[in-house]
Protein chains: 2
Amino acid sequence: MLNSYSSADKVLLAVDCIIFGFDNDGLKILLIQRDFEPEKGKWSLIGGFLKRDEVLDAAATRILNTYTGLNDIYMEQLHAYSEIDRDPVERTISVSYFALINIENHNAELIKNYHAEWFPINDAPNLIFDHNEMVENAIKRLRYKTSVKPIGFELLPEKFTMRQLLELYEAILSKELDKRNFISKINSLEILNKLDEKDMQSSRKGSYLYTFNKEKYEEKLQNNFALNL
Amino acid sequence: MLNSYSSADKVLLAVDCIIFGFDNDGLKILLIQRDFEPEKGKWSLIGGFLKRDEVLDAAATRILNTYTGLNDIYMEQLHAYSEIDRDPVERTISVSYFALINIENHNAELIKNYHAEWFPINDAPNLIFDHNEMVENAIKRLRYKTSVKPIGFELLPEKFTMRQLLELYEAILSKELDKRNFISKINSLEILNKLDEKDMQSSRKGSYLYTFNKEKYEEKLQNNFALNL
DNA sequence: AATTATTAATGTAAGATTTACACTTAATTA
DNA sequence: TAATTAAGTGTAAATCTTACATTAATAATT
């Protein structure tokens with residue numbers, strides 16, 4: 001029995017993660033300042049190499065965990081980038097992943113030690129290699145996914161207000177949404193629990209907090225809802 | 001300056017193509033009977049290995065051309081598959097591509113020589129490795145893409161009737177569509193040219209032939225139309 | 001030559017969804 | 001207690017989607 005396809009060329013496989021977060025200032029991505037050549041000192045996506053006995057999803061998870069300390073994060077494979085000289089050191093094909101994290105949960109110290117930093121998606125530095133393109137494509141995918149599955153919730157804290165949810169969707173879609181219409185569309189999905197508790201930070205009146213109801217969501221998902229915002 | 005990431009592991013990168021075609025019998029995929037071990041004699045997607053100085057898109061194009069003789073074909077990268085033992089011979093990561101071809105144009109002899117064959121998507125043999133999964137995902141993507149861009153035209157001959165177009169969409173979406181509603185939705189896109197010529201094969205009355213108008217399509221595409229069938 | 005058979009072509013009304021829009025409420029602060 | 005601030009709420013018009021049936025054109029048959 002054959003044990004190698006001997007004539008074929010082998011290549012390096014990298015994984016680069018587009019990590020989205022959301023806070024009061026809007027939608028952000030986590031970038032890292034490279035501390036090795038080439039392009040040392042420049043900003044880059046967080047990435048690493050695939051190991052011999054590792055599946056791509058596992059590599060993405062490992063890399064995310066290394067730099068943020070987080071586990072159980074929503075991640076999705078996006079695209080394989082293969083331009084010949086995309087990495088000047090050595091032929092490297094990179095598979096991009098996007099991750100959605102609750103910006104409050106990550107390990108701030110870890111990030112700092114790695115010279116990583118959050119940047120607003122509309123005000124991020126220029127990135128090395130083809131990473132700008134990777135980010136652009138990730139934003140497109142995030143927009144699309146948002147209209148098909150309520151993955152936006154991954155970006156919010158456990159308890160959130162309608163306003164936060166609205167602002168998140170506005171940031172993702174980068175357009176203004178009508179408050180009343182938004183609320184009734186979200187409510188019609190029946191995947192939120194309205195709590196008896198109010199958030200008093202944002203206003204005098206206070207606004208009700210909600211949680212995301214995973215069970216109801218899973219139930220609904222069979223029937224494939226679309227969210228037309 | 002560094003010239004290798006020496007500690008990282010290298011892997012084989014394959015490309016597998018899900019090639020869709022359409023004729024009077026419906027939507028089909030092109031499969032090949034493997035003539036080498038492992039799994040010799042079993043059915044498989046058409047694939048090959050990425051070469052050292054080749055971009056993934058080029059590899060997909062090369063592979064498609066080798067087996068069908070076709071050039072200038074609509075292809076799109078889908079997903080990277082990386083299960084450790086997906087190929088029992090050697091660790092191989094495979095990137096899947098889907099292609100849409102006009103089934104009448106391909107080189108029938110070439111296909112025959114390679115022991116390739118068209119199968120209806122609902123009546124295809126079991127495939128090697130993870131190729132069944134690849135096909136399933138490709139069908140999902142084809143369905144989605146169809147609702148967003150009129151890529152279905154790639155599958156039709158240059159001149160086609162409304163009935164053919166309807167049947168193509170029915171095959172892709174695997175549901176019945178209302179003829180009158182379908183026609184008015186397609187017409188509202190304003191991307192077809194109605195010819196003065198009729199196809200007399202299908203009926204006594206004859207049905208008008210249409211061509212796809214690329215310029216009008218490109219024009220419209222800016223405004224991102226959705227086709228809700 | 002007339003009749004029959006076959007598929008193509010065409011429009012409308014009802015129902016569903018989406019959009020646009022403004023006032024009242026609750027609580028804090030001055 | 002008056003003023004301020006953001007929260008919370010409903011409806012009517014417009015648009016889009018759906019369901020549905022008859023006539024038209026031609027070839028084949030008698």
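Not measured: the values here are computed from a predicted model. Proteins get letters first, then strands, A, B, ... in listed order; numbering begins at 1 in each.
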Strand contacts (DNA chain C) in residues 197-208 of chain A, 4.0 angstrom heavy-atom criterion: Arg204(A), Lys205(A)

Side-chain H-bond candidate by donor/acceptor type, Asp16(B) with Ser94(B), under 3.5 Å: yes

Between dT18(C) (P) and Lys179(A) (NZ): distance, integer Å: 21 Å

Difference in axis direction between the ends of the helix from dA1(C)-dT30(D) to dA30(C)-dT1(D), five pairs, 10°: 10°

Footprint string (nucleotides 10-15 of chain D, 5' to 3'): B base within contact, S backbone only, - free, heavy atoms under 4.0 Å: B-----

Phe160(B) CZ to dA8(C) P, straight-line distance once rounded to whole Å: 15 Å

Given Leu27(A), Asp23(A), Ile101(A), the one that forms side chain to side chain contact (heavy atoms under 4.5 Å, CB included) with Leu155(A): Leu27(A)

Protein-nucleotide distance (Phe182(B), atom CZ; dT18(D), atom P), rounded to Å: 14 Å

Thr146(A) side chain reached by Leu227(A) side chain, heavy atoms, under 4.5 Å: no

Electrostatic pair Lys220(A):Glu190(A) at N-O distance under 4.0 angstrom: yes

Salt-bridge contact Arg163(A)-Glu167(A) (side-chain N to carboxylate O under 4.0 Å): yes

Whole-Å gap separating C1' (dT19(C)) and CD1 (Ile183(A)): 16 Å

Distance, rounded to the nearest Å, where Ile186(B) contributes CD1 and dT17(D) contributes P: 13 Å

Partner set under salt bridge (charged side-chain N to carboxylate O under 4.0 Å, His left out) for Glu197(B), not counting sequence neighbours: Lys159(B)

Nucleic acid contacts - residues 161-177 of chain B versus DNA chain D, non-hydrogen atoms under 4.0 Å: none

Sidechain N-carboxylate O distance under 4.0 Å for Glu76(B), Arg141(B): yes

Leu165(B) and Leu192(B), any side-chain heavy atoms less than 4.5 Å apart: yes

Nearest atoms (heavy-atom pairs only) where Thr66(A) meets Leu110(A): O-CD2, 3.5 Å

Between Tyr81(A) and Phe129(A), ring centroids under 6.0 Å: no

Note: Glu83(A)-Arg86(A) ion pair, threshold 4.0 Å (strictly below): no

Member of Phe160(A), Phe182(A), Phe22(A) meeting the ring pair (Phe, Tyr, Trp, His ring centres under 6.0 Å) criterion with Tyr169(A): Phe182(A)

Sequence-distant partners of Asp199(B), salt bridge (charged side-chain N to carboxylate O under 4.0 Å, His left out), two or more places apart: none

